Amino acid sequence: MSDKKKVFSGIQPTGDIHIGNYLGALRNWVKLQDTYDAIYCVVDLHAITVPYDPVALRRSRLNTAKLLLAVGVDPSRSLLYFQSQVPQHAELSWMLSTITSLGALNRMTQFKEKADKAGKNLGLFAYPVLMAADILVHKAHAVPVGDDQTQHLELARDLAERFNSRFGDEFPVPEQITPEIGARVMSLKNPTSKMSKSDEDVNTRVLLLDEPDIIRKRFKAAVTDSESEVRYDQEKKPGVSNLLDILSLFTTRSIEDLVAEYHETPYGHFKMTVAEAVVEGLSPVRSAFKAFDDEEVTRIMVKGALDARTRAEGEMASVRKKLGFDARLGDGA
Ligand code: TYM
């Protein structure tokens, strides 16, 4: 096993993956493969905390895996698997739940938002504990996510510290890795809310697999403001600033540079410039996605799950021992 530090992250297979997921998290997943021991997971156990259709889930988890491969997650450099195929996640989640305060879970804003829409269940309430277990079961040092996951990650850090102080040093306290630009890509129709998989209005987001004409349509309909100057001001001009962020990320040009070039460009024209940059940036992802077949992806995921189980089992031995359980069946005591 390598001496590199470990990075872990996960993505839910619910809804379609959009440019917010890509710019806020997945681009970093791909980048970090070179410098870290990278472990990535399609978190299908998290997906069943809201009402869902098992047939649709089967399809969407495979498509999510395929899309991760298409954006550049490379199974020869990263471990990639489905969470449900590695039972140590659920085992550690239970253990961590016994040191999690109800108060901490009650403060989770994502629980409140989701419970309002989907109804309350224990799994949804305990969602952040399973997320902490995902990270800690691999003793990860860092977690690349968008900034909507900050509160969840704080709980993971808190649980690592709490476990270590109560039972002895076991878990590194994981750092959050969030990009400077793109940590919170906003909705195209309501730029004071984040772009979200679950928004009922499809015009709010651009999906990684959207066809070029759809992408153009989405940007054409994007909300700007009543002025006519392209300039960066997240408070007064959230729509235009969001478009500048997106353009900057897809062209790797600085915001200053873009503002200098486009500040007098009419909004309609500017929006089409952004659309073309996104069409071009996503075109390799679309082709790579089409080139993978289901069987090949399934094979990659099975291999990933077997490796992840072996690794997680190795990590869990000392956790179990600290809690007073045998490391292995037949060990005595
Ligand atoms: P999920 O599936 O909602 O989103 C996947 C990743 O995309 C980021 N993201 C965004 N980034 C920028 N702008 C946006 N508008 C935007 N929307 C989403 C998210 O921050 C995330 O990084 N709870 C997690 C999944 C999870 C996980 C984990 C993550 C489960 N266990 C352990 C890290 C570590 C979630 O629902 O992400």
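Note that this is a predicted model, so its numbers are computed, not measured. Whatever order the structure lists them in is the order used to number ligands and atoms, beginning at 1.
Those atoms of ligand 1 that come under 4.0 Å of a heavy atom in A183, given as number and element, are 11 (N), 12 (C), 13 (N). Counting the atoms of ligand 1 from 1 in the order shown, those under 4.0 Å from a heavy atom of G24 are 11 (N), 12 (C). The contact set between ligand 1 and H18, taken as ligand atoms under 4.0 Å from a residue heavy atom, comprises 17 (N). In summary, the atoms of ligand 1 found under 4.0 Å from a heavy atom of G182, numbered by their order in the structure, are 12 (C). Near A25, the atoms of ligand 1 lying under 4.0 angstrom from a non-hydrogen atom of the residue are 6 (C), 7 (O), 22 (O). Using a 4.0 Å cut-off to heavy atoms of I11, the atoms of ligand 1 that qualify are 2 (O), 5 (C). Contact atoms of ligand 1 toward F8: 32 (C), 34 (C) (distance under 4.0 Å to a heavy atom of the residue).
Looking at atom 36 (O) of ligand 1, its nearest protein heavy atom turns out to be Y127 OH, 2.8 Å. Looking only at protein heavy atoms, the nearest one to atom 28 (C) of ligand 1 is M131 CG, 3.4 Å. Scanning the protein heavy atoms around atom 11 (N) of ligand 1, the nearest turns out to be G20 O, 3.1 Å. Nearest protein heavy-atom contact of atom 37 (O) of ligand 1 is Q149 NE2, 3.8 Å. Looking only at heavy atoms of the protein, atom 25 (C) of ligand 1 is closest to G10 O, 3.6 Å.
Not a single heavy atom of P128 lies less than 4.0 angstrom from ligand 1. No heavy atom of Y22 sits closer than 4.0 Å to any atom of ligand 1. Ligand 1 has no atom lying under 4.0 Å from any heavy atom of Q110. Residue K197 places a heavy atom less than 4.0 Å from ligand 1.
In terms of polar-atom proximity, V185 is counted as a contact of ligand 1, with an N or O under 3.5 Å from an N or O of the ligand. Where the criterion is an N or O separation shorter than 3.5 Å, residue side chain and backbone included, D147 fails it with respect to ligand 1. Here's the thing with M195: one of its N/O atoms is less than 3.5 angstrom from an N/O atom of ligand 1. Between S9 and ligand 1, a contact under 3.5 Å exists for no N or O pair.
Between H138 and Y81, the angle of the ring planes goes over 60°, which puts this pair in the perpendicular group of the 30/60° scheme.
Ring-centre distance between H141 and F8: not below the 6.0 Å cut-off. Checked against the 6.0 Å centroid criterion, the rings of F171 and F163 qualify as a close aromatic pair. For F125 and F111, the gap between ring centers is short of 6.0 Å. Residues H263 and F270 place their aromatic rings such that the two centres sit no closer than 6.0 Å.
Sparse packing is recorded around CD of E280, with 12 or fewer heavy atoms of other residues, nucleotides or ligands lying under 6.0 Å away. More than 12 non-hydrogen atoms from other residues, nucleotides or ligands lie less than 6.0 angstrom from NZ of K112. Enclosure of atom CZ in R166 is not indicated, since only 12 or fewer non-hydrogen atoms of other residues, nucleotides or ligands lie within 6.0 angstrom.
In M186, neither the side chain nor the backbone holds a heavy atom less than 4.0 Å from any atom of ligand 1. Both the backbone and the side chain of N21 come within contact range of ligand 1, each with a heavy atom under 4.0 Å. With a heavy-atom cut-off of 4.0 Å, L153 does not touch ligand 1 at all. The backbone and the side chain of Q12 each have at least one atom closer than 4.0 Å to an atom of ligand 1 (non-hydrogen atoms only). With a 4.0 Å heavy-atom cut-off, ligand 1 is reached by the side chain of D134 but not by its N, CA, C or O. At a 4.0 Å heavy-atom cut-off, ligand 1 touches V143 through the side chain alone.
Side-chain atoms of Q33 and S78 include a donor-acceptor pair closer than 3.5 Å. Between the side chains of D148 and T150, no donor-acceptor pair is found at a separation under 3.5 Å. Q110 and Q151 are not linked by any side-chain donor-acceptor pair at a separation below 3.5 angstrom, with hydrogens and angles left out of the test. Between the side chains of H46 and Q83, at least one donor N or O lies within less than 3.5 Å of an accepting N or O.
Of the possible polar contacts, one joining the R309 side chain to the Q85 backbone as a donor-acceptor pair under 3.5 Å is found.
Here atom 22 (O) of ligand 1 lies nearest to G146 when heavy atoms of A133, G146, S196 are compared. Nearest residue to atom 19 (C) of ligand 1 from T178, I17, D148, I135 is D148 (criterion: closest heavy atom).
Between E229 and K237 there is no salt bridge, since none of the side-chain N atoms of the basic residue sits less than 4.0 Å from a carboxylate O of the acidic one.
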Does the pair V206 and L188 meet the rule for a side-chain contact (heavy atoms from CB on, under 4.5 Å), with working shown?
CA-CA 9 Å; V206 169; L188 296 180; 3.8 Å; yes
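For the pair K271 and F219, the NZ or CZ position fails the cation-pi test of under 6.0 Å to the six-membered ring centre and within 45 degrees of the ring normal.
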